[in-house]
4 protein chains.
Amino acid sequence: MNDRSTASNSRDAVYAAALEAFAEKGFHGASMRDIARRAGVVLSNLYHYADSKSDLLVELLKKANYDHLSATEWALTGADASPRHRLEAAVKAYVGYIVDHPMEALIAHSELRYLGDDDRKRLVMARDRVEALFDGIIEDGVRAGTFTTSHSRGVTRAVLTMCAGIAQWYRQDGRLSREDIAGEYADYALALVGSIHD
Amino acid sequence: MNDRSTASNSRDAVYAAALEAFAEKGFHGASMRDIARRAGVVLSNLYHYADSKSDLLVELLKKANYDHLSATEWALTGADASPRHRLEAAVKAYVGYIVDHPMEALIAHSELRYLGDDDRKRLVMARDRVEALFDGIIEDGVRAGTFTTSHSRGVTRAVLTMCAGIAQWYRQDGRLSREDIAGEYADYALALVGSIHD
Amino acid sequence: MNDRSTASNSRDAVYAAALEAFAEKGFHGASMRDIARRAGVVLSNLYHYADSKSDLLVELLKKANYDHLSATEWALTGADASPRHRLEAAVKAYVGYIVDHPMEALIAHSELRYLGDDDRKRLVMARDRVEALFDGIIEDGVRAGTFTTSHSRGVTRAVLTMCAGIAQWYRQDGRLSREDIAGEYADYALALVGSIHD
Amino acid sequence: MNDRSTASNSRDAVYAAALEAFAEKGFHGASMRDIARRAGVVLSNLYHYADSKSDLLVELLKKANYDHLSATEWALTGADASPRHRLEAAVKAYVGYIVDHPMEALIAHSELRYLGDDDRKRLVMARDRVEALFDGIIEDGVRAGTFTTSHSRGVTRAVLTMCAGIAQWYRQDGRLSREDIAGEYADYALALVGSIHD
DNA sequence: GATGAATGAGAATTCATTCAT
DNA sequence: AATGAATGAATTCTCATTCAT
């Protein structure tokens, strides 16, 4: 499994290798040699697919952020109007993505800081859109009286931080299933917003 | 302020510089030259205070973990027996340390992975002791019926993760005071454990 | 204008791009990628028009040296037998070429050294033919008593060096016209050979 | 002679090696490895003496330009007031430096273009000071009627270009002595300015 | 003729660390 | 304790060139 050269596409192999390397060793700890070796590709070949090491990370994070947002937005299109159901659906989808893509979720939070100012700002904006999504739901709930928290912004941040943490300990062979975790964290979120039980 | 050579003690200057550099650029992103420059010390002098770059990190993390644990334990010695009060006190102390030492708190979580196996395991054990502290309080509360959560272990992890996140966004010149934040997070923790209001 | 792909002929575009790149950045400073980009051609296509980077330079220098020599020789076919007129005509033609082709003239002198021994020697021979041309005129004049210099070889070299220098500062939008410069340098040459005024 | 490690001073060995390498292969053609090898020093050690390859060149050119200017100015302090004598002295000193330091003189003219804008501009200013020196003498002569040229600026440039060319062909074992060459070029300069013989 | 991927050598530079003084 | 020079391995990235399509 140390060689992805037979993958249909070298490009995919390179980005998969970069993802793995960044997740495992961090942006500065992973070397281009390392990535090339994992991808089963010669070092200089990496530069066909990205102009620089930073670019590899940027592309990875752009896709991760976009997918994370999309997955969450998509879940909401199927949820009814109740803030309680919407928050539950959003958290489950958000957590679901993390459980399905722990490496992406990990580097999205931990390696962002090593990017140049421009790229970083643009990616932070993408992340802020997810935050706005949750914030919207929570404030709706507060206005409707279904959520009782008086710190909606702080709670939003707490919910997202708490979920992001999953990427640090989740292992696929663990004892908790994807749905267990998603459900558990949905409960935590409802607790944090002070959701009134019917 | 880029030069700490006038600090009473070169050793302190070196460790303060290392802390700053690791917090800002990560373990692999910070170079020994960088640290020396920040400390106002000549490169080779760093090796009078630590045998290696890893050692600098180990020392910093040992102290950070110890202090974090101590601060939390100390707060509990002054709290009465009620799980609710104990959890509140523990969270406030735990958050208080993070707010007072955001760089230490940051690297304690993010740079641990770059250590060798031995050092890392020993430091994780230290962190587990804090976790055990919270876990003990929460399970006491559950047994006593004051806390209603049915996922005490998960909640413990959620609380600690949520708190650790503070180190990423907290800035001393922000609009929230140390006590505001501590109080807010204590509320979040109580919500998560399902603390029954009197 | 950075793309010459629409030029009637890709070959010309490639050599024009190589000329520009070598003149601007020097042989080692210009990369094949650079040349391809300027030519509006894909990198590997360069190798349809030359076997190597050195070959590009050799072809350019061969043509430049040949054209420079031809232009000078041609001018002499229209000049009368007087050494004074012949020298004037030769210098004007020699300078004329430089003014019309500053990049060619520049690399002919500065980049020759980067060629392999064989190519370099053959090109130096071509340059020597121009030198012989001037030398012949000057020695004729000395023998005839019209030129008074006692260092004919040294003067020949001085004249040619002086003219070659034009390529370094001449810009088409400058205040001196092609004819101004040619006339001026013809005067300098006559002064150097010690031409006796009638 | 390929190893200068026994030179009293590594710094000098490094700069001497860089000079040699740049003169022989050009700035881009000479590699840092190459320079280190010539200096008898380990590659990474070069960076103790210069921050970059460009810096090596800058330092070399700064010193060369300064020395060239100083030598010329110094010669003028010993010359009487006659423009003719002054020009003779200046040319002899200028040429003398070139003959004594052909490598310095060579790179001063040919490698300047590879520097960054800032460094290049500052070095060109230094070169302009030499040009101003010659220009002053020549215009003095023209005003005094001893020099008859009507293109003083052009002649200045021609004189300097012609002299700079010496660095390209002069070899210490050649048949012309330092004084022969200096005298010859002084004569050329006097011819170019149209100096009136007594 | 044209293309894009591939390659291995080599580029400049930085790294953590050591050592003699 | 402090210094500055030294070292060798590793870093990111670019090079000229080749090849299958």
Side-chain angles (χ1 to χ4, degrees), chain A residues 5 9-11 13-14 27-36 39-57, chain B residues 5 9-11 13-14 27-36 39-57, chain C residues 5 9-11 13-14 27-36 39-57, chain D residues 5 9-11 13-14 27-36 39-57:
Chain A
S5 62
N9 186 320
S10 278
R11 186 171 206 285
V14 164
F27 178 70
H28 282 121
S31 74
M32 291 298 265
R33 269 186 163 78
D34 193 359
I35 294 170
V41 149
V42 131
L43 171 62
S44 57
N45 229 320
L46 295 182
Y47 292 88
H48 282 299
Y49 306 111
D51 282 346
S52 68
K53 191 180 168 185
S54 288
D55 264 19
L56 282 174
L57 181 55
Chain B
S5 60
N9 185 319
S10 276
R11 185 170 209 285
V14 164
F27 178 69
H28 281 119
S31 73
M32 291 297 265
R33 275 185 158 78
D34 192 0
I35 294 169
V41 148
V42 129
L43 172 61
S44 51
N45 274 356
L46 294 183
Y47 292 88
H48 290 143
Y49 307 111
D51 283 347
S52 69
K53 191 180 166 186
S54 287
D55 268 15
L56 282 174
L57 181 56
Chain C
S5 61
N9 185 320
S10 275
R11 184 169 209 285
V14 164
F27 178 70
H28 281 118
S31 73
M32 291 297 266
R33 276 185 157 78
D34 191 1
I35 294 169
V41 147
V42 130
L43 172 62
S44 52
N45 275 356
L46 294 183
Y47 292 88
H48 290 144
Y49 307 111
D51 283 347
S52 69
K53 190 180 166 185
S54 288
D55 268 15
L56 282 174
L57 181 56
Chain D
S5 62
N9 186 319
S10 277
R11 187 171 206 285
V14 163
F27 179 70
H28 282 120
S31 74
M32 291 296 265
R33 268 185 163 78
D34 193 359
I35 294 170
V41 149
V42 131
L43 173 59
S44 57
N45 228 321
L46 296 182
Y47 292 88
H48 282 299
Y49 306 111
D51 282 347
S52 68
K53 191 179 167 185
S54 288
D55 264 20
L56 282 174
L57 181 56

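Within every chain, numbering begins at 1; the chains are lettered A, B, ... in the order of the sequence lines, protein sequences first and strands thereafter. Given the structure is predicted, the values throughout are model-derived calculations rather than measurements.
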Can you check the [X] [atom1] to [N] [atom2] distance for me, whole Å?
X: D:D51; N: E:dA12; atom1: CG; atom2: P; value: 15 Å
X: D:H48; N: F:dG8; atom1: NE2; atom2: P; value: 12 Å
X: A:L57; N: F:dT12; atom1: CG; atom2: C1'; value: 15 Å
X: D:L56; N: E:dA11; atom1: CG; atom2: P; value: 15 Å
X: B:D34; N: E:dC15; atom1: CG; atom2: P; value: 8 Å
X: B:Y47; N: E:dT21; atom1: OH; atom2: P; value: 21 Å
X: C:H28; N: F:dA16; atom1: NE2; atom2: P; value: 9 Å

Would you tell me if any nitrogen or oxygen in the side chain of [X] comes within less than 4.0 Å of OP1 or OP2 on [N]?
X: A:N45; N: E:dA5; value: no
X: B:S44; N: E:dT17; value: no
X: A:Y49; N: E:dA6; value: yes

- Item | Nearest-nucleotide 5' precedence on DNA chain F, A:S54 against D:R33 | D:R33

- Note on the structure: Between C:K53 and A:G29, the residue closer to the 5' end of DNA chain F by nearest nucleotide is A:G29

Considering every strand and a 4.0 Å limit on heavy-atom distances, what is the contact class for [X]: base, sugar-phosphate, or nothing?
X: D:L43; result: base
X: D:A30; result: sugar-phosphate
X: C:S31; result: sugar-phosphate
X: A:A50; result: nothing

- Using purine N1 to pyrimidine N3 plus N6-O4 or O6-N4 for Watson-Crick, or N1-O2 and O6-N3 for G-U wobble, each under 3.5 Å, what pairs with E:dT21? F:dA2

- Query: Using atom P of each nucleotide, how far apart are E:dG1 and F:dT21 to the nearest Å?
  - Reply: 22 Å

